[in-house]
Chemist: 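Have a look at this one before I ask anything.
Letters go in sequence order (proteins before strands), and every chain restarts at 1.
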Amino acid sequence: MTDALLTVRDLSVDFHTVRGTVHAVRNVSWSVNKGETLAILGESGSGKSVSASAVMNLLDTPPAEITSGEILFEGKDLLKVSYEEHRALNGKRIAMIFQDPLGHLNPVYTVGWQIVEMMTAHGRPLDRARARALELVTRVGIPEPEKALKKYPHQFSGGQRQRLMIAMALMLKPDILIADEPTTALDVTIQAEVLALLKELQAETGMGLVLITHDLGVVAEIADRVVVMSQGEIAERGTAREVYHNPQHPYTKKLIGAAPGKGAIKTLQADAPALLEISEFVKTYGEFTALKGVSLTLARGQSLAVVGESGSGKSTLARTLLRLEKPDSGKALWKGRDLVTMPARDLLAVRREIQMVFQDPTQSLNPRMSVYQLISEGWDIHRLIPDRRARRQRVAELLEQVGLLAEHASRYPHQFSGGQRQRIAIARALALEPDLIICDEAVSALDVSVQAQVMALLDDLRERLGISYLFIAHDLGVVRDFADTVVVMKAGEIVERGPTEAIFSAPRHPYTQRLLAANLDPDPDVQAQRRLAGAATQ
Amino acid sequence: MMKLIGQRAIASLLSLIVLMVLVFFLSRLTGDPAALFLPIDATEEMKQQFRALNGLDRPIIEQFGLYVWDLIHLDFGESLRRARPAIDVVIEAYAWTLPLALITMTLVIVAAIVLGSIAAFNVGGLIDRGISVVSLIGASAPDFWIAIVAIVLFAINLAWLPTSGVGTPWHWIMPVAVLFIRPFGLIVQVVRGSMLQALSAPYVKTARAKGVKNRPLIFVHTLRNAMLPVITVIGDQAAALLNGAVIVETIFGFPGIGKLMIDSILQRDFNVVMAAILVTAIAIFIMNILIDIAYSVLDPRIRQ
Amino acid sequence: MVWRDKFALVSALFLLVVIVCAIIGPALLGDLATSQNLRGRNSPPFDLTRGWIFVLGGDSLGRPMLARLVVAAQSTMLVAAGAVALALSVGALFGLIAGYMGKNVSQLIMRLADVIMSFPSLLLAVVVLYVLGPSIPNMILVLAITRIPIYLRTTRAEVLEVRERMFVQAAVVMGASNIRIVLRHILPVIAPTLVTIATLDFAFVMLAESSLSFLGIGIQPPNITWGLMVSQGRPYLNTAWWLSFWPGLMIVLTALSLNLLSNWMRVALDPAQRWRLESRKSAND
Amino acid sequence: QDNTDITVVLSEELDLVEPCMATRSNIGRVIMQNVSETLTELDVRGDEGLMPRLAESWEDMGDGVWRFNLRPGVTFSDGSAFDAEDVKHSFDRVFSDQITCESARYFADTELTFDVVDDLTVDVTADPAQPILPLLMTLVTIVPSETPMEFVREPVGTGPYALTEWQAGQHILLERRDDYWGEMPEVTSARYVFRSEPAVRAAMVETGEADIAPQITELEATNPATDFSYPNSETVYLRIDSSDAPTNDIRVRQALNAAIDREAFIGTLLSEGTDLAVAIVPPTTLGWNGDLTPPAYDPDLARQLLAEAEADGVDVSLPIEIIARTENFPNVTEVTEALTQMLTEVGFNASLRMVEVAEHEQFYSKPYPESEGTRLILAQHDNGRGDPVFSMYFKYHSDGTQSGIADPHADDLIERATAATGEEREALWSELFAYVQDEVVADVLLFHMVGHSRVSERLDFMPSIATNQQLQLSQIGFN
Ligand SMILES: Nc1ncnc2c1ncn2[C@@H]1O[C@H](COP(=O)(O)OP(=O)(O)OP(=O)(O)O)[C@@H](O)[C@H]1O
Ligand SMILES: Nc1ncnc2c1ncn2[C@@H]1O[C@H](COP(=O)(O)OP(=O)(O)OP(=O)(O)O)[C@@H](O)[C@H]1O
Ligand SMILES: [Mg+2]
Ligand SMILES: [Mg+2]
């Protein structure tokens, strides 16, 4: 272990807050070797991102405090080197992909500039940097790469931003890449390409990869070794196979047991009345057409999954439906009335009936509001639950339902992990007990055990209250477990639609077929076999 | 873009007209210029004659009509006090004010942005404290103190600089320095506050993860995000300078628009007041258009 | 590093003293502040032979500076706070409207702001004086009007950016009304900037009032403000520095305290930055 | 070093350099007798009285006709010769209705006709007869007959200097003429610059950037080697409106006078050297009455007078507002504050209001605005022209624009004195001074002011009472 490229030993990180100290990371040790892939699995909020930030020297100290440990890179303790020395390592030798790409891209510079800067900041010539950026952006599958480099972050889809972050991190072929949930917003075909790219780079430069992820399939596909974290500590470690087949720690057992994609498939009740009818939605951004005439029908109590290529217009569909953006044409009948032309006054009532969980939860939470304020705001707006005690209680209840603690109500968004923020956003949507919840990648940042808990909750609400879901997701396992109907989108169009059962058993459109084929299995053995088979057919 | 500027120019022209109409009528509420132009013991006939000569005896609406008529022919009228075309007087003065404002503002912008950013980056540290306190004292000290103390020190005691006047570049140093202080103090604080907010954004972490050096981290990555309120305040301060700097012009005998404007207002030399406001308003409107363009250049999300 | 907090604390204490002076000063020292003594004029400061009240010296009519400073606090604060508060609230209100409403409303408001911005404050002062007569409320009005554009423009510019943020859209989805979005989501983000400008403006307004007095169109004796005292002391700068120095110092200190306090508040009220204050304490514990 | 170019720093910039406006002090200080000359000149430095300038001599021909014999061999700076036509034209300009020349006001109701006898002789007929016509000639500058009937910016005159450069806002340059008719002055050129801040003006002489600063404040005049003080012909007084209650009662007016401790101001708020006023004109004026004494400070008397008036039913509690104008003279605010306090102390209901110049004018000249009680207007009056006629009508005649009294005897005295000449004139003025001060108690006369100048040590020059109105470069020598 001493000759490892990067070793984290005994790391402990505390956060000082008004309400006492949070022990975010406790005596965590792991290491990664040249060419090796270490997957860090674990509970949401267990300290994965914080320990990664510690390696990059990105923790603000205070409020964070590194109370013990060392981080050895090529034998040097990164906690002791000078700021300047660390800076020179960052990006060049150790690169990082952040969990929340929207916030982590600078909104006022073009993505091209930001990617290129990774190289120019370390003294590489501009023209080489440009060429490399173009190459990588093409490799991660961004359409029209030349043009894309000249665009700004807000002009991309969630998955595209994530890929741009990946391209940025790979610019200098770092020795260590810390990837914090790099594929959560990618559809499985692109995820496969990205994983292939990472592996290729590993083979080429011997890059050590630290992969923080919740996706057991990704772990099975790429990880050599696995550490599992729970509540700030390491629960278990071993090779990917050992951990999957022979988990020791109860948390690991629970985690592996919760892997989605194995339950019974739901079917839609035939007589459910239509709630929402979207017809011929068209949305253009300048010359680019993001939606090319999308039509959909959603019944009361239905859970409709929208899967599809990253950048195919799923989020755009959700946003135009909610009148956050104006569609160029098309109608959306909600309970018989057109949302697109509805006057603002009437819209207010409808707003309570339709809620949304945004794809980038962090940015959708007002940083100046506490969790309590965030969740209870809807009640203020719609004049519900006037009693303060009742409110407190309901907030606590909601937080517990999504796997958080009642005491989290007084914290502010920046004090949470990515997955925790996503759950706050879910709790906020649930608070209003709407008729329809649009979930844009609403569970992608959750570890599978919490994910299962949240999905069970949503299912329960659907059964009890008849809530419908428009469920945008990439994780086919989740979709299979949760949805009764699936539509598949590609390049702004719906290419296939049908009951979940039918789509999963007999996909018709070639894209759907490819999608299903690229789906990863959580079992490392199964994945190994598939890889062999894949190699053979090539 | 061109179309937008065109629209903006038309809208600004309308506000210019509103402004001129307002000034025309409001200024005429403030008393009779004849009493001020003529000596205190002037006879009523002399006053009458003066009013008649300058058209002040006609009904105000008629005066307005005549003014507009002349204006259409690009005639801004004569200065009551100076027996010269008002616009000549104003342009002469503005030729002094404009460079003074530009030089001062350039220095202010550079210094305030650099020091304000540094203060924000070192928030709570000694550098921050030093910059803040010094700039705040500067921004709130009466400017004639600074001007007179500067004259006593640099012109009389040290004899490094001339006391006042214009002519050589040396003459400009003290006026520029004194004018510099207040906008500098103000903008430093705004830069500091805005930067403080921007520095806690996650994209700053990205830049650090990339290994970006502190200087570009502050001045490239963060500053541009913090610039919106800063350029607004810069605009406000620049507008103040474009309106002329009365105290400095008075003390240093600098023949700018500020003193001219004050004197003309106090003497009710309406034509000069109108011409001066017209010229300064055009300068300010152009500056505001530039600032609004700057907003959308700085922040792509504002572009619509 | 506790001194950081001490800075804010001292500032707060100083402001408290000023406010107390403003409230009870005129009742307490009103007579002393106007008792002239021509033969004992311009008595230098720090000379206690004439009693503690002359510790800051006497003015050009032999009145004790200290008493005058205390008494002047009232009108000074009234004018400065009144003008800044009025400009801030009106400017921010219209800025929010201009930033959040449609293009036409925005254009209208902004072009009106241009008009105000180019209308010389002095002419405004002269007009108001002639039409309405000189008084403290009118003074507040004049100063407030001239300061409106800065708040208006700052607010609007910030709103344009903030309203594009995702959490504002999330609030829209929740059904929040425009008013709620503006007040609960947008305003808190831009408030720190506005407060920074407002506290800086405090000094500006006091000095602007001083120059208007100097030109004869501002507040005039027997009213007193620090600004008026500064302008009255101006000819004595070389011979009796204390006449304009003390009131000038009061203006500087008030502005300084306000700003230090607002800088502190800016951090204290921002949940994402509050740790800067808290941790300093714990680091010293 | 025989550098004979000098720089003069003045307090306010010139709007005009128009010869017919030379009685305005800021213009006069630059061009009067430097660029433009008058027919006669009053000696205020010595006691020679009225002296010839462009007129060599003059005589009263009776019936209101005066004959002036002009100086031969005089040329204007544009080369043309000076003759009687020029004199006539100069006066035509002054009285023209196409331009507003200030000097016209000194001839208020007098009709002047000019008869050119020959090139160098001109007869002036005044209707009504004007006994002081030669003195009035000191007020009108002579311009060439080609001068248009509008304000000129390039004045042409017969004086020893010509205006050669005028950079508005920066400076005016006068250069010595080689073809001047009189004695060559020592100063070869004078540059006038303008700084409104007294401290800066003083500093400029100190640093050598300027040679003369004719108007600095007492506070700046700290260097005995360079700083001079001189009576500046300004008189400060409080104008009483005796048609208002309670000041229509003479006892109230007397009380006002007795309430004020004039001595206390001198050497404190006002410079050492300031004189207590007994008339609205300075002591150098014709008919000065040496017997008059300033009212004594007697607060008890004031209280007593007020009590008496009150006993007779005068409402002495009516508000009295003192109106003064900012920047009228140094320390005006303090002076007014002190005056207010003094009046309050003896029981007046006095308050103070400082106003800007335009507003002051509304109160100063007739018609006076209505008021609840009455207003006292603090004003400063300048008469350095040697004869009270320039003051008394305006200030004390019932029809005078700034008069606060309507007294038939005073009217009569003024009219008679204006028409009289010689010793009779002097006696009548003298009587009038005594009458308005002691009998009518028309106003609260306060001070004859002094001015301060700073003169570089390399110059040989003594400022005098005339320095307020003119600054003759020919009087400046070098040490
Ligand atoms: N500024 C902060 N103040 C207080 N607590 C914090 C702060 N930042 C993070 N935490 C806490 O630290 C813990 C670890 O956070 P971290 O972001 O490392 O979780 P994670 O393992 O990455 O979770 P996820 O998978 O949800 O992203 C969380 O419980 C979080 O609430
Ligand atoms: N403001 C914008 N300006 C220009 N193009 C945009 C803008 N917003 C989105 N797009 C483009 O529209 C397309 C659809 O984006 P959308 O966010 O709907 O994708 P998505 O299906 O949600 O993808 P993902 O799964 O990656 O989130 C993308 O190709 C994106 O580049
Ligand atoms: Mg995380
Ligand atoms: Mg999306």
Chemist: What part of L14(B) is in contact with chain C, defined as an atom under 4.5 angstrom from a non-hydrogen atom: side chain, backbone, both or neither?
Modeler: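 Contact with chain C: none, neither part.
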Chemist: Pair L96(C), M101(C) - check side chain to side chain contact (heavy atoms under 4.5 Å, CB included), show working.
Modeler: CA-CA 8 Å; L96(C) 288 170; M101(C) 294 296 178; over 6 Å; no
Chemist: Taking side chain as everything from C-beta outward and backbone as N, CA, C, O, which of these in L266(B) sits under 4.5 Å from a heavy atom of chain C? Side chain, backbone, both or neither.
Modeler: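 Only the side chain of L266(B) comes within 4.5 Å of chain C.
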Chemist: Under 6.0 Å from the CG atom of N104(C), do we count more than 12 heavy atoms belonging to anything else shown?
Modeler: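 No.
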Chemist: Got a second to check how far S12(B)'s OG is from F285(B)'s CZ, nearest 0.5 Å?
Modeler: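 Rounded to the nearest 0.5 Å, the OG-CZ separation comes to 6.0 Å.
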Chemist: Verify whether one side chain among T280(B) and Y94(B) offers a donor that lies under 3.5 Å from an acceptor in the other.
Modeler: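 Absent: no donor and acceptor within the cut-off.
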Chemist: Would you mind checking which part of V230(C) comes under 4.5 Å of any heavy atom in chain B, side chain (CB onward), backbone (N, CA, C, O), both or neither?
Modeler: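 It is both, since atoms from each part get that close.
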Chemist: Before giving the answer on side chain to side chain contact (heavy atoms under 4.5 Å, CB included), spell out for V230(B) and M195(B) the whole-Å C-alpha distance, their side-chain angles and the decisive distance to 0.1 Å.
Modeler: CA-CA 10 Å; V230(B) 175; M195(B) 281 294 280; over 6 Å; no
Chemist: Pick one of side chain, backbone, both or neither for R266(C), based on which atoms fall under 4.5 Å of a heavy atom in chain B.
Modeler: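 Side chain only.
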Chemist: Heavy-atom pairs under 4.5 Å with chain B are the metric here; pick the option from A203(C), G227(C), P120(C), A113(C) that has the most.
Modeler: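 Highest number of pairs under 4.5 Å: P120(C).
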Chemist: Looking at A283(B), P229(B), A276(B), which one has more heavy-atom pairs under 4.5 Å with chain C than the rest?
Modeler: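 Sorted descending by pairs with chain C, the first entry is P229(B).
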Chemist: Let me know if I265(B) has heavy atoms under 4.5 Å from chain C in its side chain, its backbone, both or neither.
Modeler: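 Contact with chain C involves the side chain of I265(B) alone.
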Chemist: More than 12 heavy atoms of other residues, nucleotides or ligands under 6.0 Å from CZ of F202(C): is that the case?
Modeler: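 Yes, enclosed.
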Chemist: Measure distances from I282(B) to the heavy atoms of chain C and classify the residue's part below 4.5 Å as side chain, backbone, both or neither.
Modeler: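 Answer is neither: I282(B) stays 4.5 Å or more from chain C.
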Chemist: If I measure from the heavy atoms of chain C, does V246(B) come under 4.5 Å with its side chain, its backbone, both, or neither?
Modeler: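 Neither part.
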Chemist: Locate the shortest heavy-atom distance separating V159(C) from Y100(C); write the atom from each residue and the value.
Modeler: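 Answer, listing the atom of V159(C) first, then Y100(C): CG1-N, 3.9 Å.
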Chemist: Just so I understand: if I count every heavy-atom pair under 4.5 Å between each of Q189(B), Q237(B), M261(B) and chain C, which residue has the most?
Modeler: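 If we count pairs closer than 4.5 Å to chain C, Q189(B) comes out on top.
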Chemist: Taking every non-hydrogen pair under 4.5 Å, which of S27(B), P142(B), A281(B) racks up the most with chain C?
Modeler: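 Max contact count across the listed options: P142(B).
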Chemist: Between T196(C) and chain B, which part of the residue has a heavy atom less than 4.5 Å away: side chain, backbone, both or neither?
Modeler: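 For T196(C), side-chain heavy atoms alone lie under 4.5 Å from chain B.
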Chemist: So which residue, S231(C), S262(C), P247(C), G248(C), ends up with the most heavy-atom pairs under 4.5 Å with chain B?
Modeler: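 Greatest number of close heavy-atom pairs with chain B: G248(C).
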Chemist: Could you check which of A255(C), P192(C), A157(C) has the highest count of heavy-atom pairs closer than 4.5 Å to chain B?
Modeler: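 Among A255(C), P192(C), A157(C), the one with the most close pairs to chain B is A157(C).
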Chemist: Using a distance-only test with no angle check, is there a side-chain donor-acceptor pair under 3.5 angstrom linking T199(C) and N259(C)?
Modeler: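 Side chains of T199(C) and N259(C): pair found under 3.5 Å.
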Chemist: Assess the residue pair L200(C) and L258(C) against the criterion (side chain to side chain contact (heavy atoms under 4.5 Å, CB included)); give the C-alpha distance rounded to whole Å, side-chain angles, the decisive distance to 0.1 Å, and a yes or no.
Modeler: CA-CA 8 Å; L200(C) 289 162; L258(C) 268 171; over 6 Å; no
Chemist: Side chain from CB out, backbone as N, CA, C, O: work out which of these in Q197(B) comes under 4.5 Å of a heavy atom of chain C, or both, or neither.
Modeler: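 Both parts, backbone and side chain.
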Chemist: What part of L207(C) is in contact with chain B, defined as an atom under 4.5 angstrom from a non-hydrogen atom: side chain, backbone, both or neither?
Modeler: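 Contact with chain B involves the side chain of L207(C) alone.
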Chemist: Centres of the F245(C) and W145(B) rings: under 6.0 Å?
Modeler: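 So the answer is yes for these two rings.
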Chemist: Select, from L112(C), I150(C), V127(C), the one with the greatest count of heavy-atom pairs under 4.5 Å involving chain B.
Modeler: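 Greatest number of close heavy-atom pairs with chain B: I150(C).
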Chemist: Go through L194(C), T155(C), L122(C) and name the one with the most non-hydrogen pairs under 4.5 angstrom from chain B.
Modeler: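 Of L194(C), T155(C), L122(C), L122(C) has the most heavy-atom pairs under 4.5 Å with chain B.
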Chemist: Salt bridge between D263(B) and R268(B), side-chain N to carboxylate O under 4.0 Å?
Modeler: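 A salt bridge is absent here (no side-chain N lies under 4.0 Å from a carboxylate O).
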Chemist: Just so I know, are the side chains of R234(C) and S244(C) near enough to count as touching, which here means a heavy-atom distance under 4.5 Å?
Modeler: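 No, too far: nothing below the 4.5 Å cut-off.
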Chemist: Counting only heavy atoms closer than 4.5 Å, note whether V273(B) contacts chain C via side chain, backbone, both or neither.
Modeler: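 Just its side chain gets close to chain C.
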Chemist: What option among E161(C), E158(C), M206(C) has the most heavy-atom pairs under 4.5 Å with chain B?
Modeler: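 Among E161(C), E158(C), M206(C), the one with the most close pairs to chain B is E161(C).
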Chemist: With a 4.5 angstrom heavy-atom cut-off, could you sort out which part of R28(B) is near chain C: side chain, backbone, both or neither?
Modeler: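 Answer is neither: R28(B) stays 4.5 Å or more from chain C.
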Chemist: Could you have a look at I247(B), V152(B), D143(B), V233(B) and say which one has the most heavy-atom pairs with chain C under 4.5 angstrom?
Modeler: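 Among I247(B), V152(B), D143(B), V233(B), the one with the most close pairs to chain C is V233(B).
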Chemist: Return the option, out of I284(B), I277(B), N288(B), with the maximum number of heavy-atom pairs under 4.5 Å with chain C.
Modeler: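 Winner by heavy-atom pair count: N288(B).
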Chemist: Counting heavy-atom pairs closer than 4.5 Å to chain C, which one of D292(B), V149(B), L242(B) comes out on top?
Modeler: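 So the answer, after comparing D292(B), V149(B), L242(B), is D292(B).
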Chemist: More than 12 non-hydrogen atoms from neighbouring residues, nucleotides or ligands closer than 6.0 Å to CD1 on I17(B), yes or no?
Modeler: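 Yes, the 6.0 Å shell around CD1 holds more than 12 heavy atoms from other groups.
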Chemist: Work out which heavy atom in L143(C) is nearest to a heavy atom in A83(C); give both atom names and the distance.
Modeler: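 That closest heavy-atom pairing would be CB-CB, 3.7 Å.
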